[in-house]
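Shown next, in structure tokens, is the structure this report addresses.
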There are 2 protein chains.
Amino acid sequence: MLFHFKNQFPQLNPFWDKYLEFQQRQEVAAKTILLAEGTVSQNYIFIEKGCVRAFFNNNGDDKTVQFFFENEGLTSFESFINDTPGQFTIETIEPSVVYLLPKQYVIRLMEELSSEPYFARLIMQVSAGRQTHYINEFVSFIRDKPEQRYQKLLTERPHIIQRVPQHYIASYLGVSTVHLSRIKSKLAKGKLHF
Amino acid sequence: MLFHFKNQFPQLNPFWDKYLEFQQRQEVAAKTILLAEGTVSQNYIFIEKGCVRAFFNNNGDDKTVQFFFENEGLTSFESFINDTPGQFTIETIEPSVVYLLPKQYVIRLMEELSSEPYFARLIMQVSAGRQTHYINEFVSFIRDKPEQRYQKLLTERPHIIQRVPQHYIASYLGVSTVHLSRIKSKLAKGKLHF
DNA sequence: TGAATTTGATAACATATGTTATCGTCGCCG
DNA sequence: CGGCGACGATAACATATGTTATCAAATTCA
């Protein structure tokens, strides 16, 4: 939500810079939980190195909804704005280096920004982008069969498949690990036709 | 996006009022298309009477994603902001009365507002709300089985089931009409256990 | 290094869901 | 009034996907 938007509206850059010093650098192991489902988000998280996933738990069975990599930042926007518990857990997949900016500073920063004319534009742009992202994920989930979603991942975001363990990918695609194996096996035998 | 937010930040009310006169009232028949998939949204749409659905087409087979009723307004936000074609068709389900505010006025209104401090807050609030909505839909789609989604609809939004033809509901739930019939039949026989 | 854990493939079976076809009801419109 | 199209239920069958169990390879870690 924040520092990865630097330079998008150069007029706002001084605001980001001012808060850089409040970030806390952390080196964390794989499978470290950065934010637990059902708790209120306390930090803006920026990933310098490594990768993380967002998921929610359903009867002990994880459903992964998104992956994040280097130079991406994340927060539970609504959890910040409304002080409500978020519905996702954020967990590192690889050993990672992250920067955390405590909530209080994020709030203060947004207060400062809210009287800046370009801020409204930034927010609109960012919101439109996030909306588009969620809608696209949603539509793809409804429209495409798991094979198609896997192939899309393979061609459009191969880095995910390279770096992320397969059972997380299965969970992201909405199928069991067994079925993802079947899909890969069919693909390898060239038996898939669209 | 606009008039249904009146009174949320009273400081902004004068802005909405100023644009009321540019709205066009229209009475339209059932199954009227207000916005076609793949075209750029030209109007903010406010529903005074009736109901509409948003859907996208997949091989001649509709997938409904949302229903709208009286006193709700809608636009394809990204289509407005980025001037890109939207991915949904907006179609009336019942004979309806709608108000249209042409895009140019919406843009002008947002320009005016972007220097208002409360506008940034409104945008953040609205964005958080829409994000929450899409995320909830998405999560519900992933987490719940069709029966559960149907039951949720039955208890939480019964007006939808009362007013909307069943095949649209099937498409919204992500199942075939046949399967929705099966679900209803099982429910009627009290054979569903959670 | 060696044991434990994680990861992934596969088979066999169970269940959920789609597809097609048929039928009946209802409401709208000429 | 009569026919036609929209709507919905149901059966029969086909397919997609989940579940459980087992095995093998890779990775981690004490």
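All chains are named by letter (A, B, ...) in the order of the sequence lines, taking the proteins before the strands, and each is independently numbered beginning at 1.
Atoms CZ (B:R163) and P (D:dC7) sit 16 Å apart, rounded to a whole Å. Taking atom CZ of residue A:R182 and atom P of nucleotide C:dA14, one finds them 15 Å apart after rounding to whole Å. The nearest whole Å value for the distance from the NZ atom in B:K145 to the P atom in D:dT19 is 8 Å. In this structure, the NE2 atom of A:H167 is 15 Å from the P atom of C:dT5, given to the nearest Å. Atom CD1 of A:I161 and atom P of C:dT7 are 17 Å apart (whole Å). Going from atom CD1 of A:I183 over to atom P of C:dG8 covers 14 Å, rounded to whole Å. Remark: P of D:dA9 and NE2 of B:H179 are 14 Å apart, rounded to the nearest angstrom. Counting to the nearest Å, the C1' atom of D:dT17 and the CG atom of A:L173 are 13 Å from each other.
Residue B:Q166 places at least one side-chain N or O under 4.0 Å from the OP1 or OP2 atom of D:dA9.
Comparing D:dT17, D:dA21, C:dT19 by their nearest atom to the side chain of B:S176 picks out C:dT19. Closest approach to the A:P146 side chain among D:dT17, C:dT17, D:dA9 is made by D:dT17 (side chain taken as heavy atoms from C-beta onward). Comparing atom distances between the B:S181 side chain and each of C:dG8, C:dT17, D:dT10 picks out D:dT10 as nearest. Relative to the side chain of B:K31, the nucleotides C:dT19, D:dT20, D:dC7 differ in distance, and D:dC7 lies closest. The nucleotide whose nearest atom lies closest to any side-chain atom of B:P165 is, among D:dG8, C:dG8, C:dT17, D:dG8.
Between the side chains of A:Y118 and A:Q8, no donor-acceptor pair of N or O atoms lies under 3.5 Å. Side-chain atoms of B:R53 and B:Q66 form no donor-acceptor pair, as typed in the model, at a separation below 3.5 Å. Remark: the A:S79 side chain and the A:S41 side chain contain no N/O donor-acceptor pair separated by less than 3.5 Å.
Here the two rings, on A:F138 and B:F141, have centers that are under 6.0 Å apart.
Here the options are A:L74, A:V97, A:N71, the test is side chain to side chain contact (heavy atoms under 4.5 Å, CB included), and the partner is A:I47; only A:L74 passes.
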